[in-house]
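All values reported here derive from a predicted model rather than from experimental measurement. Labels below follow one simple rule: chain letters A, B, ... track the order of the sequence lines, proteins then strands, and each chain is numbered from 1.
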Number of protein chains: 2
Amino acid sequence: MRTVPTESTDNYLKAVFEITAVQERAGTNEIARRLKVSAASVTGMLKKLASATPAPITYEKHRGAELTAEGQRRAIEVIRHHRLIESYLHAALDYGWEEVHEEAEKLEHFISEDLEDRMAAKLGFPEYDPHGHPIPRRDGSIPPCIDFPLRQAAVGATVRVSRVSDDDAASLRAIRQLGIDLHSLLEVLEQRTESGEAILRRADGVRIEVPREIASRLRVSVAVAERRTEGNSGRDRTDLVEGERRPLESSGVSQ
Amino acid sequence: MRTVPTESTDNYLKAVFEITAVQERAGTNEIARRLKVSAASVTGMLKKLASATPAPITYEKHRGAELTAEGQRRAIEVIRHHRLIESYLHAALDYGWEEVHEEAEKLEHFISEDLEDRMAAKLGFPEYDPHGHPIPRRDGSIPPCIDFPLRQAAVGATVRVSRVSDDDAASLRAIRQLGIDLHSLLEVLEQRTESGEAILRRADGVRIEVPREIASRLRVSVAVAERRTEGNSGRDRTDLVEGERRPLESSGVSQ
DNA sequence: TTCGCAATTTAGGCGCACCTAAATATCAGT
DNA sequence: ACTGATATTTAGGTGCGCCTAAATTGCGAA
């Protein structure tokens with residue numbers, strides 16, 4: 001008998017998914033921090049999930065949790081919901097960049113697969129959401145995303161903004177304020193490793209200073225500098241080399 | 001301190017609202033039947049709601065419940081959500097007549113006022129949903145709806161379908177099957193009061209027999225017989241006399 | 001190796017929304 | 001006014017998802 005996903009269990013699965021995209025296993029404390037619940041609550045929930053059938057996670061005392069194939073399936077489904085809702089709100093209902101996350105966070109647990117499909121169809125089955133995150137496909141595969149944190153960009157390189165963390169509206173506004181948008185071209189003038197600040201030059205020549213809290217929210221790809229396509233008005237990410245379809249654990253679907 | 005509405009409490013308020021649109025007070029059993037929960041559960045919930053602050057209902061033992069102004073406000077808000085969602089799914093996402101209810105029933109509890117506003121704006125602030133139900137306005141007032149059950153229509157009269165109950169997909173399909181649509185013109189040939197059957201003639205001249213279960217799901221208004229506007233392709237309900245803005249308790253927002 | 005701290009689990013409890021079974025209240029009909 | 005049927009409430013209990021406080025475990029530094 002299939003256990004019915006709830007808003008709460010979905011959120012645990014998402015948290016484990018995101019944490020294990022970076023680390024080996026998802027620890028109790030880390031999950032608690034993300035979900036803003038007590039560590040004790042997390043222990044209880046992990047035990048329950050791990051002994052459900054089919055179990056979405058595996059769990060060993062003091063060693064944290066990992067997703068099973070089943071849990072991964074559901075986590076990706078929820079992420080697909082989230083990113084399609086964000087895309088739809090942005091494209092069809094004039095929501096701003098920084099407004100979509102909150103609404104999506106709530107609705108992702110309640111829309112039907114049918115509604116999801118219809119939204120995707122209206123949008124022409126987009127592969128990336130308004131923040132540049134890949135939208136998992138119905139079959140669970142994830143569009144390619146070859147990028148890295150701005151902080152790791154080499155000084156002197158020109159990079160293109162490929163992803164922006166969507167979970168904090170204030171940061172998104174700050175990024176906008178700096179004149180940075182998805183797909184913006186940026187030249188790295190300096191990386192202040194101690195402060196975490198990055199000094200950049202925008203396409204319009206203006207020099208900007210990006211504080212650590214902001215820099216850590218940006219991911220970029222190497223810009224293969226086409227002089228022709230100045231205004232980046234083309235289709236999404238034509239500048240990216242199409243990567244092979246990578247297995248889930250390395251595909252970097254961070255939040 | 002304001003009590004936070006949940007899916008469950010919203011559903012209780014809607015049930016009380018709908019029942020008290022017809023009767024004096026909403027009884028425990030009737031609520032239980034609608035919500036498919038036990039009568040004991042209803043008693044418990046009514047007690048809790050009545051002693052919350054601000055209380056959305058008043059409750060007296062053995063005498064059922066009634067909405068307070070506060071409860072009415074919330075009930076109408078939820079109904080507005082429901083009908084706007086239905087309208088939006090129908091108009092923007094190609095949902096069929098009989099498909100919208102279920103999705104709306106779930107989502108009505110979770111969409112923000114902001115999303116609701118944006119959907120309404122995209123649709124041009126519609127006043128009636130795809131089944132002809134009036135969509136409450138943001139201020140709580142309800143568009144006019146002067147109609148009556150098909151079963152009460154006089155033999156020989158020609159009526160126009162103004163509302164169709166939306167809560168059962170099978171019935172909606174059956175209605176479609178009979179060639180009846182919102183705003184269809186129908187001549188009443190016979191009312192079989194014992195069986196509840198209505199015998200009608202459609203605008204195309206075809207005679208149809210409408211069984212009680214279906215007839216009781218249709219509300220109609222007197223057709224002021226304009227021969228010119230054959231295909232009823234005009235704007236919504238231009239045939240209806242605009243009624244005065246009626247107070248809530250008499251406005252007939254049945255489900 | 002052992003000490004101490006940080007991470008984690010256990011124990012005990014809470015409110016919500018539901019349940020069944022048993023008691024009680026109301027009401028219609030004689 | 002009584003009585004039986006029906007409506008409703010009370011009593012006692014469940015699972016979920018959360019909490020705090022008090023153990024415990026594991027691990028790195030001395």
Side-chain angles (χ1 to χ4, degrees), chain A residues 1-16 19-20 22-53 55-66 71 74 78 105-106 108-110, chain B residues 1-16 19-20 22-53 55-66 71 74 78 105-106 108-110:
Chain A
M1 187 217 133
R2 163 154 308 242
T3 317
V4 56
T6 67
E7 179 169 8
S8 189
T9 60
D10 276 350
N11 285 335
Y12 277 89
L13 297 188
K14 272 208 304 181
V16 174
I19 294 166
T20 54
V22 180
Q23 308 169 32
E24 192 61 23
R25 320 194 102 241
T28 306
N29 263 358
E30 177 65 13
I31 298 172
R33 202 184 52 73
R34 286 188 185 236
L35 300 184
K36 301 185 204 303
V37 297
S38 73
S41 301
V42 175
T43 301
M45 183 59 101
L46 294 184
K47 283 165 96 170
K48 205 187 60 165
L49 289 175
S51 57
T53 44
I57 65 167
T58 59
Y59 165 66
E60 280 174 85
K61 270 185 193 169
H62 297 282
R63 303 212 44 250
E66 240 176 332
R74 178 61 188 171
V78 175
E105 197 68 13
K106 194 70 189 178
E108 63 185 3
H109 310 288
F110 305 110
Chain B
M1 186 216 135
R2 165 154 306 243
T3 317
V4 57
T6 67
E7 180 170 7
S8 189
T9 59
D10 275 352
N11 285 334
Y12 278 89
L13 297 187
K14 273 208 304 180
V16 174
I19 293 167
T20 53
V22 180
Q23 308 169 32
E24 193 60 23
R25 318 191 104 242
T28 307
N29 264 358
E30 177 65 14
I31 298 172
R33 202 185 52 74
R34 286 187 185 238
L35 300 184
K36 299 185 206 305
V37 298
S38 73
S41 301
V42 174
T43 301
M45 183 60 101
L46 293 183
K47 282 165 95 170
K48 205 187 59 166
L49 289 174
S51 56
T53 41
I57 64 167
T58 60
Y59 165 66
E60 280 174 84
K61 267 184 194 171
H62 297 281
R63 301 211 48 249
E66 242 177 331
R74 179 60 187 168
V78 176
E105 196 68 13
K106 193 71 189 178
E108 63 185 3
H109 310 289
F110 305 110

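Counting non-hydrogen atoms of other residues, nucleotides and ligands closer than 6.0 Å to CD of Gln23(A) gives a total above 12.
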Show the numbers, then the answer: is there a side chain to side chain contact (heavy atoms under 4.5 Å, CB included) between Ile31(A) and Ile19(A)?
CA-CA 8 Å; Ile31(A) 298 172; Ile19(A) 294 166; 3.8 Å; yes

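Going from atom CD of Glu7(B) over to atom C1' of dC16(D) covers 15 Å, rounded to whole Å. Rounded to an integer number of Å, the gap from Glu60(A) CD to dG26(D) C1' is 14 Å. Taking atom CG of Asn29(A) as the reference point, atom C1' of dG26(D) lies 13 Å away to the nearest angstrom. The interatomic distance linking Arg63(B) (CZ) with dT8(D) (C1') rounds to 14 Å, in whole Å.
DNA chain C lies under 4.0 Å from at least one heavy atom of each of the following residues of residues 40-48 of chain B: Ala40(B), Ser41(B), Met45(B), Lys48(B).
Contact record, Ala26(B) with Thr20(B): N-CG2, 3.8 Å, taken as the closest heavy-atom pair. Nearest heavy atom pair, residue Gly64(B) against residue Arg25(B), reads O-NH1, 2.8 Å.
Remark: Glu30(B) pairs with Arg33(B), Arg34(B) by the salt bridge (charged side-chain N to carboxylate O under 4.0 Å, His left out) rule, at least two apart or across chains.
For the OP1/OP2 pair of dC18(D) and a distance below 4.0 Å, the side-chain nitrogens and oxygens of Ser8(A) include at least one atom meeting the criterion.
Contact footprint of chain B on DNA chain C: nucleotides with an atom under 4.0 Å from a non-hydrogen protein atom, first to last in 5' to 3' order, dC16(C) to dT26(C).
Put simply, the side chain of Thr9(B) never gets that close to the backbone of Pro5(B): no donor and acceptor are under 3.5 Å apart.
Within the 4.0 angstrom heavy-atom criterion, only backbone atoms of the sugar-phosphate kind lie near Thr28(B); the bases stay farther away.
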